[in-house]
Amino acid sequence: TAEKVSTALKENMGEEIAYLVTAIPNLANILGDDFDSNQGSKNDTAGDAQKRLRYLFCQFVDIISRYHEEPLIFFLDDCQWIDNASVTLLNQILIMSDSAIRDRRFFFFGACRDDEMSESHPLNIMLTTMNSLCGTETTKIQLTSMSKGALNEMVSTELSLLPRITRSLANILHHKTKGSPLFVKQVMLELYKQRLLYPSLSRRRWVWEADKILDMKIPENVATFITNSFDRLPFEVVSALVILSCFGASADISLMEVLERE
């Protein structure tokens, strides 16, 4: 399938595909070794470059949805922070992919904090307009915190134990986290680090110190909990993380070596 998609992208987009690789570097892995990343070196103005990129993204989505055997899913997280340029791009992609959407070959999923998404939010306005003008269906799914039963199923699966055994631990975690999945995961990791949740060789399963976990002082929200975990790191590690965060989600090892020498 990857070879089929690669051939389709090269045939349909030609040298223009190089512009898209600049925005999506990992795309070069799909295009293969014979792809020349130095193609398409036109000096566009900022406005022309933005229009070109929007057009190429739309072409990319259209080609993938037509030549890939499985439906294409486009997922954006934290949509409450989406900027106007991204809304414009998303709007153009959805309009040009209308037939793929109707044929259920292309799906867009967006996750957001509903308390930060008013009716006047750019994304809400765009989706409402598309629904009225193009008839594009949108479905809102309200994700609530996990119930005690759902949380117990999660803990039972993670620890490979029967639900009746993990219920006491799940109840404590639900009390501490109010059923937030991310919060539960972070707390369980912390319990493991503090040896309050650990594998027992004698019992051949995971065990936990229920009373000590119940007495643990845990912040009311996961953001504060994660922030507090950073405070426990050595100063040098925190300083390195602060500097590396300026370079995005990842950085080359060569950059780290240069910074270390400096």
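Below, each value reflects all heavy atoms present in this structure, side chains not excepted, and no hydrogens, waters or symmetry copies.
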Going through the checks in order, is the side chain to side chain contact (heavy atoms under 4.5 Å, CB included) test met by Asn228 and Asp231?
CA-CA 5 Å; Asn228 290 346; Asp231 293 339; 4.0 Å; yes
Close side-chain approach of Asn12 and Asp62, heavy atoms under 4.5 Å:
no
With side chain to side chain contact (heavy atoms under 4.5 Å, CB included) as the criterion, how do Ser229 and Ile226 come out once you've worked through the C-alpha distance, each side chain's angles and the decisive distance to 0.1 Å?
CA-CA 5 Å; Ser229 67; Ile226 294 175; 4.2 Å; yes
Nearest-0.5 Å distance, CH2 of residue Trp208 to CD1 of residue Ile213
8.5 Å
Look at the side chain of Asn124 and the backbone N and O of Ser118, then say whether any donor-acceptor pair between them is shorter than 3.5 Å.
yes
Other residues, nucleotides and ligands only: do more than 12 of their heavy atoms fall within 6.0 Å of CG on Leu162?
yes
Under the side chain to side chain contact (heavy atoms under 4.5 Å, CB included) criterion, do Phe109 and Leu76 qualify, and how do the steps go?
CA-CA 6 Å; Phe109 289 86; Leu76 286 180; over 6 Å; no
Does atom CG (Asp211) have a neighbourhood of more than 12 heavy atoms from anything else shown, all under 6.0 Å?
no
How long is the straight-line distance from CD of Glu209 back to CG of Asp215, given to the nearest 0.5 Å?
11.5 Å
Quick one: do Leu151 and Leu182 end up in the same hydrophobic cluster if we chain Ile, Leu, Val, Met, Phe, Trp and Tyr together by side-chain heavy atoms under 4.5 Å apart?
yes
Could you give the distance from CD1 (Ile243) to OG (Ser239), rounded to the nearest 0.5 Å?
6.5 Å
Report yes or no: do Ile24 and Met13 belong to one cluster of Ile/Leu/Val/Met/Phe/Trp/Tyr joined by side chain heavy-atom distances under 4.5 Å?
yes
Might you confirm whether atom CZ of Arg164 has over 12 heavy atoms from other residues, nucleotides or ligands at distances under 6.0 Å?
no
Side chain proximity check, Asp114 to Lys140, heavy atoms < 4.5 angstrom
no
Exercise: identify the closest heavy-atom pair between Gln50 and Ala85
NE2-CB, 3.9 Å
Please check this pair: side chain of Ser200 against backbone of Trp206, looking for a donor-acceptor N/O pair closer than 3.5 Å.
no
Between Asn152 (side chain) and Pro163 (backbone), is there a donor-acceptor pair under 3.5 Å?
yes
Answer yes or no: is there an ion pair linking Arg52 with Glu16, defined by an N-O contact shorter than 4.0 Å?
yes
Quick check: do Lys212 and Gln194 have side-chain heavy atoms less than 4.5 Å from each other?
no
From Ser160 OG over to Ile165 CD1, what is the distance, rounded to the nearest 0.5 angstrom?
11.0 Å
Have Gln92 and Tyr55 got a donor and an acceptor in their side chains that come within less than 3.5 Å?
no
Roughly how far, to the nearest 0.5 Å, is the SG atom of Cys58 from the CG atom of Leu53?
9.5 Å
Could you walk me through whether Ile64 and Phe60 pass the side chain to side chain contact (heavy atoms under 4.5 Å, CB included) check?
CA-CA 6 Å; Ile64 295 291; Phe60 175 71; 3.9 Å; yes
Is there a path of hydrophobic side-chain contacts, each under 4.5 Å between heavy atoms of I, L, V, M, F, W or Y residues, that connects Val238 with Leu241?
yes
Kindly indicate whether the side chain of Lys10, heavy atoms from C-beta on, has any atom under 4.5 Å from the side chain of Thr7.
no
Does atom CZ of Arg204 have more than 12 heavy-atom neighbours from other groups under 6.0 Å away?
no
Rounded at 0.5 Å granularity, tell me how far CD1 in Ile93 sits from OG1 in Thr88.
11.0 Å
When every non-hydrogen atom of Ser86 is compared with those of Asp83, the smallest separation belongs to OG-OD1, 2.6 Å
Carboxylate-amine/guanidinium contact Glu190 Lys176, below 4.0 Å:
no
Check for me, please, whether Met130 and Val87 land in the same ILVMFWY cluster - side-chain distances under 4.5 Å, paths through other members count.
yes
Student check: side-chain heavy atoms of Phe225 and Thr177 closer than 4.5 Å
no
Are the side chains of Leu94 and Phe106 in touch, meaning some heavy atoms are under 4.5 Å apart?
yes
Heavy atoms from other residues, nucleotides or ligands near CZ of Phe75 exceed 12 (cutoff 6.0 Å)
yes
Quick check: are there more than 12 heavy atoms from other residues, nucleotides or ligands sitting under 6.0 Å from CZ of Phe107?
yes
Do Gln59 and Leu20 have side-chain heavy atoms sitting under 4.5 Å apart?
no
Considering all heavy atoms of both residues, which atom of Met117 and which atom of Cys112 are nearest to each other, and what is their separation?
CG-SG, 3.6 Å
I'd like to check Leu173 versus Phe183 (side-chain heavy atoms, cut-off strictly below 4.5 Å). Are they in contact?
no
Answer yes or no: does atom CD of Glu220 have more than 12 heavy-atom neighbours from other residues, nucleotides or ligands under 6.0 Å?
no
Donor-acceptor pair, distance only, cut-off 3.5 Å: does the side chain of Thr166 make one with the backbone of Leu169?
no
